Amino acid sequence: MIGCSGKKHAIVFQSDFGLKDGAVSAMKGVALSVDDELQLYDLTHEIPAYDRWEAAYRLYQVAAFWPAGTVFVSVVDPGVGTKRRSIVMKSKTGHYFVTPDNGTLTLIAENMGIDAIREIDETKNRRTASDNSYTFHGRDVYAYTAARLASGIISFEEVGKQLPDSLVRIPYQKPVFEKDSIKGTIPVLDVQYGNVWTNIHDSLFKKLHIQYGDKVDVKILHKDTVIFKNTVPYVETFGKVEEGAELGYINSLMNFSLAINMGSFSETYHVKSGNEWKIVIRKPI
Amino acid sequence: MIGCSGKKHAIVFQSDFGLKDGAVSAMKGVALSVDDELQLYDLTHEIPAYDRWEAAYRLYQVAAFWPAGTVFVSVVDPGVGTKRRSIVMKSKTGHYFVTPDNGTLTLIAENMGIDAIREIDETKNRRTASDNSYTFHGRDVYAYTAARLASGIISFEEVGKQLPDSLVRIPYQKPVFEKDSIKGTIPVLDVQYGNVWTNIHDSLFKKLHIQYGDKVDVKILHKDTVIFKNTVPYVETFGKVEEGAELGYINSLMNFSLAINMGSFSETYHVKSGNEWKIVIRKPI
Amino acid sequence: MIGCSGKKHAIVFQSDFGLKDGAVSAMKGVALSVDDELQLYDLTHEIPAYDRWEAAYRLYQVAAFWPAGTVFVSVVDPGVGTKRRSIVMKSKTGHYFVTPDNGTLTLIAENMGIDAIREIDETKNRRTASDNSYTFHGRDVYAYTAARLASGIISFEEVGKQLPDSLVRIPYQKPVFEKDSIKGTIPVLDVQYGNVWTNIHDSLFKKLHIQYGDKVDVKILHKDTVIFKNTVPYVETFGKVEEGAELGYINSLMNFSLAINMGSFSETYHVKSGNEWKIVIRKPI
């Protein structure tokens, strides 16, 4: 109960369902039917259809800012109804993730650590009378199980049998420091503003000994083709350069990023994201 | 009060307002001004402008998954400010629907049954000092009345006088079983993925005696023109066929549907939805 | 606590972040980490990127419909990380607004009045360990401070030092009554339906002595070019004219507006919004 004799953990939903139909609302109705005192929130429902990598990235972007105990439900599930496993992962930080085991937890597992993984026992943790529905496990299994877990109706142990700590992982190129430069990738764009986010963390970037106000050499490649090559100022934030000027900065996840102040770097230079996109940065000579 | 001396029913909002301006938020503010312990949720606000049929379909898609007592507010209201009635329908399942009486309840009334319908008495159930505003009854009448009903300030009887169980209904073609085939329509698309949903329920489909793994003959017509004709496998779920292959399946509302695994059936074959779209299915000879 | 020993004020979030990534959810997670009994709502997150005027307008459209005590967080912040001030304004109506001081409060300050303005003291009111993040004050400062204020952890006085009642204001043309006509502007469109909203309030419009059913002469100019000129009926609501016909009416904010019944005035006549768009109306001779 809220504010009286205990409290319920929040549930945060993510999917590739979009918001034009009733799929997200059906999941929330199922959760509230389990326990009408639950608090239901959203991460995003605009993950591109079937894009497990972006689902993984958005969880990484957001989960750490929610309290321990929060239950995340992520439903990007091209394999719905097939033999892929349905799991709940508890991270070392105490967050829960309810999802098909299809790579969605790749980055969360790395960043938060795995406390334990359990396979959802659908003989117990499945919406009543949903056995002959094969295409909406988000509603029939994941929202239902998450609600029972968040409300305390079942414990984490009662989700189902424990699995080895081996998840399906999406392979990706990790950043590398070599001589005087760092090679990384562009895992995702800051889509709303056109900023280009890399996977080069500030702790690695520091090895280049570049200070605010210094310059940084940047080269962006798609496969082996150079798409962008220039030297840009490294600054704290957008407003430190003129409108329309390029900049390098550390983004809100503490990763090196590129932007144009009041403009769109990704549109201007036709830069996209994914494993085929590489970036090399170094201190100018 | 939540969790102490009783509980409030949830309110679920639907509209064609979109999310770019403040209209949805104004409705929620009015509801919370009535009672700040209410729980406010959304179905969708992306109903195409003035599309009462899609509003009706989304309520049908979602309402049964919410607990009895939930109050739905649906505002797709091309006749706002004219003489169309403003009503609250209680279904036999114990759900409430607050809406203009313009066809929005066509499918809910059929599927959940009508317990009673009451006309909103605007002399009592209207936001104070809103009498000279004629274009936003969603805010001034529907959200306000729904909040009073969900919080228990008024009973269902206090909404206004009871009406006969005669709603404005949108006419549509029901599915028909003839000889060895079923004719139905395409009431709506699964817009996010491009799947094609029909109004042929599994209970009717079973009369064709088609088993999982069998084939099904499918013909789709727009008015009298054949748009698609093929024989497709009938399977439990998308992943039972190769990527890019067509399939027939029973969707999450237990209606026969068509899809392309990891693709868009509706885009590939230019299939849309509405009363002009017919589908005929049968067991292959 | 909710429903037991007191209550928490709601927080309503607005931004130009869109809903495709995790930025909005990260803000809500921070707020719930401060106090997991807070109620979190949205105004809109589809403000066009960097558009402080539209942010100002949406607050004006919505805030008055929420209860006194509601805490609004508005993050349209092209100057993030630079020297622009971060403030909380308390209006004379008892609503709170947490935002960069960049013009976002222009219309709220006029319409609700300023009770007091305080500058956020980031030495106290900033998320722990966020000091080296410069580009997401919505998460690190605004959501955090709003949550502490809404939950009662800090009082309004503890936000930081009081400032003079001088905000950054966005200049705009106020409506003028001259002889027999009123000149105004088109501050915003009713984007979902294509209606054209003006800043001519009903209380000013009444000076033209035009009654429902009368006609009104309308001229719309972009800079000095006449874009639309016609005489239209002045009616209570859309349905009072034929489908496809033009009308003048008083909108849900009690301002004079133009529409096409079941159509889009702004698309049909290529009318947009902003300070370069002027409108002149008068009673026909």
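Quick caveat, the model's predicted, so the values are computed rather than measured. Here is the naming used below: chain letters follow the sequence lines, and residue numbers restart at 1 for every chain.
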Under 4.5 Å heavy-atom distance to chain C, tell me which part of A:Ile250 shows up: side chain, backbone, both or neither. backbone

With a 4.5 angstrom heavy-atom cut-off, is it the side chain or the backbone of C:Val24 that approaches chain A, or both, or neither? neither

In this structure, OH of C:Tyr50 is separated from CG of A:Asn261 (nearest 0.5 Å) by 7.5 Å

Any donor-acceptor N/O pair, A:Gln61 side chain to C:Ala26 backbone, under 3.5 Å: no

Turns out that what part of C:Arg127 lies under 4.5 Å from chain A's heavy atoms comes down to side chain

Determine yes or no for a side-chain-to-main-chain donor-acceptor pair under 3.5 angstrom, with C:Ser33 supplying the side chain and A:Phe65 the backbone. yes

Counting heavy atoms not belonging to C:Glu157, are there more than 12 under 6.0 Å from its CD? yes

Derivation and outcome, side chain to side chain donor-acceptor pair (under 3.5 Å), residues A:Tyr57 and C:Asp21: CA-CA 9 Å; A:Tyr57 200 89; C:Asp21 74 359; over 6 Å; no

As an exercise, state the distance from CD of A:Glu236 to OG1 of C:Thr82, rounded to the nearest 0.5 Å. 11.0 Å

With no hydrogens and no angle check, is any side-chain donor or acceptor of C:Arg139 less than 3.5 Å from a backbone partner on A:Ser252? yes

Is it true that, when you exclude A:Lys240 itself, more than 12 heavy atoms of the residues, nucleotides or ligands shown sit nearer than 6.0 Å to its NZ? no

If we ignore hydrogens and angles and just use 3.5 Å, is the side chain of A:Gln192 paired with the main-chain N or O of C:Asp16 as donor and acceptor? yes

Select, from A:Asn251, A:Thr237, A:Val12, the one with the greatest count of heavy-atom pairs under 4.5 Å involving chain C. A:Thr237

Between A:Tyr212 and chain C, with a heavy-atom cut-off of 4.5 Å, which part of the residue counts as in contact: side chain, backbone, both or neither? side chain

Euclidean distance, C:Lys28 NZ relative to A:Leu43 CG, rounded to 0.5 Å: 10.5 Å

May I ask you to check whether over 12 heavy atoms, not counting those of A:Glu267, lie within 6.0 Å of atom CD? no

Nearest-0.5 Å distance that lies between atom CG in C:Leu40 and atom OH in A:Tyr41: 4.0 Å

Of all the heavy-atom pairs spanning A:Gln39 and C:Asp36, show the shortest one and how long it is. NE2-O, 2.9 Å

Are the side chain of A:Thr44 and the backbone N or O of C:Leu19 linked by a donor-acceptor pair below 3.5 Å? yes

Note: A:Met262 and C:Pro78 closest approach over all heavy atoms is SD-CB, 3.5 Å

Closest non-hydrogen atoms of A:Asp42 and C:Ser25, given as atom of the first, atom of the second and distance, are O-OG, 3.1 Å

What part of A:Glu54 lies closer than 4.5 angstrom to a heavy atom of chain C: side chain, backbone, both or neither? side chain

